[in-house]
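Residue numbers begin at 1 in each chain, while the letters A, B, ... track the order of the sequences. In this text the structure is predicted, and so the values were computed from the model without any measurement.
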Amino acid sequence: MIKPAAKFYDPIRKEREIREWWETAKIYEKLKEMQKGRPKWTFLDGPPYASGSIHLGTAWNKIIKDTILRYKTMRGFDVTRQPGWDCHGLPIEVKVEEKLQVKSKKEIEERIGVANFIQQCKQWAIEHVKIMTEQFKELGVWMDWDSPYITFKNEYIESAWWTLKRAYEKNLLKRDLRVIHWCPRCETALAEHEVRGEYYEVSDPSLYVKFKVRGKQNEYLLVWTTTPWTLPANVAVCVHPEFEYARVLVNDEVLILARALISRVFLELGVKDYQVVEVVKGKELEGLQYEHPLINEVPAQREFEKHHRVICGELVTLEEGTGCVHIAPGHGEEDFEIGEKYQLPVFSPVGPDGKFTGEAGKYARLYVKAADELIIEDLKKKGLVAKYGKIKHTYPHCWRCRTPLIFRATEQWFLTVKELKPRILELNSKVKWTPGWAAVRYVNGVESVGDWCISRQRYWGIPMPVWMCSSCGQLLVIGSLDELRQMARTEISEDIDLHKPDVDKIELRCPCGGSAKRIPDVLDVWFDSGVASWASLEHPKRELHGWPFDFITEGEDQITKWFYSQQVLSVVAFDDVPYKSVLMHGFALDEQGRKMSKSLGNVVEPQEVVRRYGADVLRFYMLSANPVWEDLKFSWKGVELIYKLLNVLWNVHVFATTYMSLDGFNPAQADMEKINQGLLPEDRWLISRINSLVSKVTKEMEEYNLHLAAREIAEFILEDLSRRYIKLIRGRVWIEKEDPHKLAAYAALYQSMHVLIRLLAPFMPHVTEVLYCELVRAVSPNAPESVHMLPWPTVDQSQIDRKLEEGMSIVSRFVEAAARIRQEAGLKLRWPVQTIVVRTGKKELIRELKDLFQSQLNCKELVILGENDKLPRDTEEFRKTSTEYGEIWVDMRMSPELKAEALAREVVRRMQMMRKEMDLEMEERVDAIVGVENRDDLYMLSGQQEYIKREVRIRNLRLCPIEEAKEKGYSKEWNIDGKRYQLALKKIG
RNA sequence: GGGCCCGUAGCUUAGCCAGGUUAGAGCGCUCGGCUGAUAACCGGGAGGUCCUGGGUUCAAAUCCCAGCGGGCCCA
């Protein structure tokens with residue numbers, strides 16, 4: 001049986017109860033069981049980094065996923081829901097270093113021990129995966145939390161090894177000397193995608209240095225740099241071959257710089273008097289030799305003296321500097337590239353720790369940034385500094401420890417992506433991107449990308465499965481643990497952990513008879529996540545079922561990160577793409593559209609929202625606020641609005657269950673024939689609306705327009721159900737008898753609610769479960785246990801009546817217009833009026849709605865005219881207004897009969913308030929006295945006694961002058977239109 | 001510097017792709033009303049350089065170009 005619902009909904013408590021019930025009753029497990037045998041729909045979870053706690057963006061990400069997965073499940077698919085965790089890499093290493101108070105790699109190796117360090121990292125990851133899992137569960141996210149894929153497991157590592165071996169076999173793995181970003185604190189190389197978005201504003205030196213031209217008395221190349229510490233590694237100066245360069249006489253010196261930059265540079269240098277002596281093309285300067293400004297301090301430079309000259313390159317711009325660019329191939333990407341062209345030496349006298357090596361002469365052992373001042377001093381002493389100041393500019397930083405990065409020339413391992421590019425782009429056409437322009441961004445990203453540096457000189461990562469023979473130099477790339485066992489010189493224990501330092505101890509047998517040692521590097525973590533689509537399936541050990549995946553969705557920053565790394569490695573491993581469709585989502589920003597950051601103090605924790613309003617509200621808010629692919633500007637007001645929506649939904653539920661239980665309505669045993677006969681136009685309208693809603697919501701879900709689907713549902717709840725339908729049937733359900741129309745209203749309401757909770761279930765999984773339990777399970781114990789086991793509702797086209805829907809809109813428009821007239825005239829809606837006339841071109845559409853139209857207008861007579869019909873006579877005292885559907889006239893005259901009815905309504909309304917205050921049961925009867933001050937009013941009310949008794953559920957009613965209304969039960973004096981009334985109610989028995 | 005997206009009332013936004021009513025809502029403000037599901041709700045009012053400037057057109061929030069501001073990505 002349906003029971004009256006709790007008066008108020010407590011989302012926090014209820015949601016917890018529901019989640020506990022899901023666990024104890026094993027609802028999720030049962031659902032998975034039910035799915036077996038259905039068509040597969042495979043989803044791959046982008047593994048969040050096991051950083052410790054989820055933020056709003058992570059929450060949004062999982063909410064989007066969960067909603068789509070729930071929807072697809074209801075659509076009848078066997079959906080895969082394995083979550084993933086990205087566990088390797090620097091962020092965790094940095095956290096563990098903090099915990100152990102480690103400052104350098106040396107300390108890890110000597111004081112802590114690599115084995116211990118790795119163990120701590122693993123422990124850290126395990127703990128934080130656990131914490132984050134709980135946080136995701138609190139959002140109502142259903143995934144296989146007990147069997148996630150985790151990047152540090154042996155099986156996962158083996159998949160990565162296998163992939164790297166494929167790259168090697170395809171000749172895509174190269175070892176090369178290159179200049180790359182290097183973190184001097186973490187002492188490791190960084191890939192270009194790790195530097196993306198990590199440019200921050202810093203203050204650096206702005207130094208103008210004079211490079212003395214060899215063989216000239218007083219001629220100098222004017223060079224600008226923000227990194228004086230790279231000057232010891234300078235080997236050339238570059239000019240643009242096509243730009244014009246000027247020899248400018250300043251005091252007794254001749255300076256060479258780009259002609260276009262003269263005024264800007266001299267303003268900076270504070271030079272006012274100068275004379276342009278000569279103008280030449282950059283090309284003509286090529287080969288001009290100079291004296292290295294630090295030749296004495298850095299004796300190693302003597303070896304490169306023949307290179308100390310002007311070279312030409314397109315990299316020179318007129319945006320900044322002097323047009324003469326100092327080139328240090330060991331410390332700049334572009335410098336390195338042009339250095340290759342001119343066969344310049346790659347001089348990089350800087351160690352992994354960011355300190356100068358012995359090759360840097362005088363500066364040896366100094367940290368590079370710390371050497372800046374000393375270098376400038378030395379230059380000043382020689383009179384080579386034209387100007388030294390500071391400049392604010394953006395400079396790349398380490399994405400974990402925020403140390404400014406340096407460029408360093410080192411030997412690293414690369415995947416030669418450049419060669420794969422055409423194929424990557426070609427295969428990308430198989431992927432369906434939502435929105436379409438995300439694909440444009442992807443293609444742009446791939447086109448501009450270089451080779452992928454995959455080696456890292458760290459500890460907590462997948463060890464590169466590359467061994468090198470110390471005798472013949474042969475590389476042995478291992479693709480699995482079994483292979484490793486076969487090749488190893490010694491026995492490998494059963495429970496080996498495929499991390500450093502254990503794998504480093506294993507030596508392999510080279511075919512030459514020699515012994516091979518592993519190269520010490522680990523893999524870039526983006527390699528880890530890049531193999532997720534098959535590593536999560538433990539391929540190649542197991543078969544690839546459901547690959548490529550049907551669907552993935554992640555934030556826009558992943559376009560050149562996870563989407564990119566996956567597609568690259570998938571082309572390497574399978575010459576295919578790993579998924580069929582991608583939905584890109586935006587970023588969670590603050591209300592002003594700024595990034596949430598601790599320093600701005602504008603961070604909103606998802607837990608905070610959940611604690612205040614519940615997970616359903618957070619979910620619905622995030623899904624309805626905007627399209628998934630746009631950035632979400634988080635607004636507390638927006639959240640509160642959804643909380644109100646939830647409240648209205650609950651109130652509808654309270655209304656439904658209250659009356660249905662009063663009348664013992666049982667939808668499972670209802671007489672359908674009787675119900676169909678009792679259906680009124682508004683009932684058919686509601687059923688038409690809910691079917692239209694199913695159709696619209698389904699269409700939007702299929703296109704990932706989650707926001708439009710959510711908004712349609714919200715509008716139905718607020719407009720159609722709460723504002724309109726319940727208002728219309730209120731009178732019907734108040735009737736105290738078996739009434740076919742009442743039954744029909746229950747049936748229509750029940751049917752709509754049943755459909756509504758299914759549409760809403762993917763968005764608000766908790767409250768819909770409560771509604772389902774109290775509304776459906778209460779009467780049909782054999783129905784599926786959980787709302788999430790139900791199929792998605794289907795549209796019954798035969799129940800959609802567009803003309804009826806339009807007719808109702810017209811009626812509403814006119815009712816609103818009438819209310820406007822009444823308000824202007826001071827006629828309360830509670831007071832009936834005699835006649836209302838409506839003239840419209842849509843007469844046909846509202847003909848069958850006349851009864852409900854009239855009752856909403858609260859008039860005795862309703863005249864509906866066609867467009868060309870004439871107005872009846874006697875409408876001089878009517879007031880008129882217009883709507884988009886036609887005009888409406890309201891009779892302003894109040895007859896004594898109407899006044900009596902109006903008065904009766906005023907009395908009834910006050911007595912209803914008193915009933916409420918007395919906390920009476922809804923159907924409970926009372927005795928009542930109405931004491932009236934005014935004789936005329938007393939007379940008028942005497943004709944309304946039956947109406948009053950019916951509406952207030954009165955057994956005995958006594959009307960009398962106010963002085964005779966002796967206190968009886970609950971009594972209260974009222975003022976109605978300036979006259980005193982004494983109203984008294986008394987409980988019976 | 002380049003690519004992509006966003007910019008509409010104090011706030012959150014619909015409309016823009018396929019140009020054509022008086023730019024439509026909600027929140028907030030304000031005045032009035034309704035209420036035995038409602039902690040709700042309804043009606044009136046105030047509040048808009050549709051980011052700016054050009055262009056196309058009979059007609060531009062909508063299409064095109066340039067710029068400004070914000071976001072993401074790249075350099």
Side-chain angles (χ1 to χ4, degrees), chain A residues 4-5 7-9 192-193 195-197 199 317 319-320 333-334 394 396 435-449 555-561 564 584 586-589 591-595 621 624-627 629-645 647-659 707-708 711 714-715 718-719 721-724 726-727 729-730 733-734 749 812 815-824 826-830 884 905 908-909 911-917 919-924 951-953:
Chain A
K7 197 88 181 133
F8 304 112
Y9 182 64
E192 42 176 313
H193 53 243
V195 183
R196 282 170 199 162
Y199 283 71
T317 70
E319 300 297 323
E320 52 184 17
E333 254 177 325
E334 288 178 317
T394 58
W437 48 260
V440 176
R441 272 175 72 160
Y442 178 77
V443 169
N444 287 340
V446 173
E447 275 170 353
S448 69
V449 85
E556 55 192 301
D557 55 332
Q558 299 301 333
I559 288 186
T560 51
K561 290 181 173 166
Y564 168 71
M584 184 207 82
F587 262 62
L589 309 173
E591 203 155 357
Q592 280 95 49
R594 297 171 309 179
K595 212 170 170 176
Y621 166 70
S624 63
N626 54 307
W629 49 85
E630 278 179 20
D631 291 342
L632 184 141
K633 290 188 232 166
F634 181 85
S635 137
W636 280 106
K637 278 188 182 157
V639 174
E640 272 161 34
L641 223 60
I642 301 304
Y643 183 67
K644 283 186 169 186
L645 169 72
N647 217 6
V648 171
L649 175 68
W650 187 257
N651 287 330
V652 170
H653 176 59
V654 171
F655 176 91
T657 52
T658 304
Y659 286 102
H707 65 304
L708 296 181
R711 288 172 191 179
E715 203 176 299
L718 294 173
E719 298 286 340
L721 255 189
S722 175
R723 260 166 230 175
R724 199 159 300 163
I726 292 201
K727 202 170 167 187
I729 63 168
R730 207 180 254 157
V733 300
W734 187 240
L749 182 59
S812 296
V815 169
E816 281 164 21
R820 204 154 54 223
I821 293 176
R822 281 165 173 272
Q823 185 181 338
E824 282 163 10
L827 283 180
K828 288 185 184 180
L829 190 58
R830 213 185 290 131
E884 55 187 301
R905 286 183 186 224
V908 164
R909 197 195 130 222
M911 290 176 114
Q912 298 284 36
M913 283 175 73
M914 290 171 68
R915 279 188 66 111
K916 233 176 168 177
E917 285 160 9
D919 235 358
L920 291 180
E921 290 301 316
M922 207 128 31
E923 72 278 30
E924 205 171 345
E951 289 298 313
V952 192
R953 296 202 164 148

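You'll find that the side chain of A:E556 is closest to B:C72, out of B:C4, B:C72, B:U38.
Checking the phosphate oxygens (OP1, OP2) of B:C72, no side-chain nitrogen or oxygen of A:R441 falls inside 4.0 Å. In this model, the phosphate group of B:A37 is not approached by any side-chain N or O of A:K727 to a distance below 4.0 Å at OP1 or OP2. Side-chain N/O atoms of A:R909 include one lying less than 4.0 angstrom from OP1 or OP2 on B:U35. Taking side-chain N and O atoms only, A:K916 has a distance below 4.0 Å to OP1 or OP2 of B:U38.
The nearest whole Å value for the distance from the CG atom in A:N444 to the C1' atom in B:G2 is 9 Å. Rounded to a whole Å, the NE2 atom of A:H653 is 14 Å from the P atom of B:U38. B:C41 atom P lies 14 Å from atom CG of A:L649, rounded to whole Å. Between the CZ atom of A:F655 and the C1' atom of B:U38 there is a distance of 11 Å, rounded to whole Å. For the pair A:K637 NZ and B:G10 C1', the computed distance is 8 Å after rounding to whole Å. The nearest whole Å value for the distance from the CZ atom in A:R723 to the C1' atom in B:A40 is 10 Å. A straight line from CZ of A:R711 to P of B:U13 spans 8 Å, rounded to a whole angstrom. Between the C1' atom of B:G70 and the NZ atom of A:K633 lies a distance of 8 Å, rounded to the nearest Å.
Atom NZ of A:K7 sits about 6.5 Å away from atom OG1 of A:T658, to the nearest 0.5 Å.
Shown here, B:C27 forms a base pair with B:G10; the pair counts as Watson-Crick or G-U wobble because both key distances fall under 3.5 Å. Base pairing of B:C4 is made with B:G71, judged by Watson-Crick or G-U wobble geometry with both donor-acceptor distances under 3.5 Å.
Listed for the A:N626 side chain is no donor-acceptor partner under 3.5 Å among the backbone atoms of A:H707.
Among the heavy atoms of the strands lying under 4.0 Å from A:Q912 is at least one base atom, whether or not backbone atoms are also near. Within 4.0 Å (heavy atoms only), A:K644 reaches sugar-phosphate atoms of the nucleic acid but no base atom. Within 4.0 Å (heavy atoms only), A:L718 reaches no atom of the nucleic acid at all. Heavy atoms of A:L641 sit under 4.0 angstrom from primed sugar atoms or phosphate atoms, though from no base atom. Counting any heavy atom pair closer than 4.0 Å across all strands shown, A:V654 reaches sugar-phosphate atoms only and no base atom.
Within the 4.5 Å cutoff, the side chain of A:F587 has heavy atoms near those of the A:E556 side chain. Side-chain contact check for A:V908 versus A:Q912: some heavy-atom pair is nearer than 4.5 Å.
B:A18 and B:U22 have their C1' atoms separated by 24 Å, given to the nearest Å. B:G7 and B:U62: their P atoms are spaced 12 Å apart (whole Å). Taking atom P on both B:G19 and B:U13, the two are 26 Å apart, rounded to the nearest angstrom. For the C1' atom pair drawn from B:C42 and B:G48, the interatomic distance equals 25 Å after rounding to whole Å. B:G43 and B:C34 are spaced 10 Å apart, taking the C1' atom of each and rounding to whole Å. Atom P of B:U21 sits at a distance of 16 Å from the matching atom of B:G15, rounded to the whole Å. Across B:C6 and B:G45, the matching P atoms stand 34 Å from one another, rounded to whole Å. Remark: the separation of the C1' atoms in B:U30 and B:C73 is 47 Å, to the nearest Å.
Annotation: of the two residues near RNA chain B, A:W437 and A:L721, the 5′-most nearest-nucleotide partner is A:W437. Where A:D557 and A:L632 meet RNA chain B, the nucleotide closest to each residue was compared, and A:L632 sits on the side nearer the 5' end.
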Could you go step by step and tell me if A:F655 and A:I729 meet the side chain to side chain contact (heavy atoms under 4.5 Å, CB included) rule?
CA-CA 11 Å; A:F655 176 91; A:I729 63 168; 3.9 Å; yes

Apply side chain to side chain contact (heavy atoms under 4.5 Å, CB included) to A:L718 and A:V648, showing your working.
CA-CA 7 Å; A:L718 294 173; A:V648 171; 3.9 Å; yes

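Residues A:Y643 and A:Y621 place their aromatic rings such that the two centres sit no closer than 6.0 Å.
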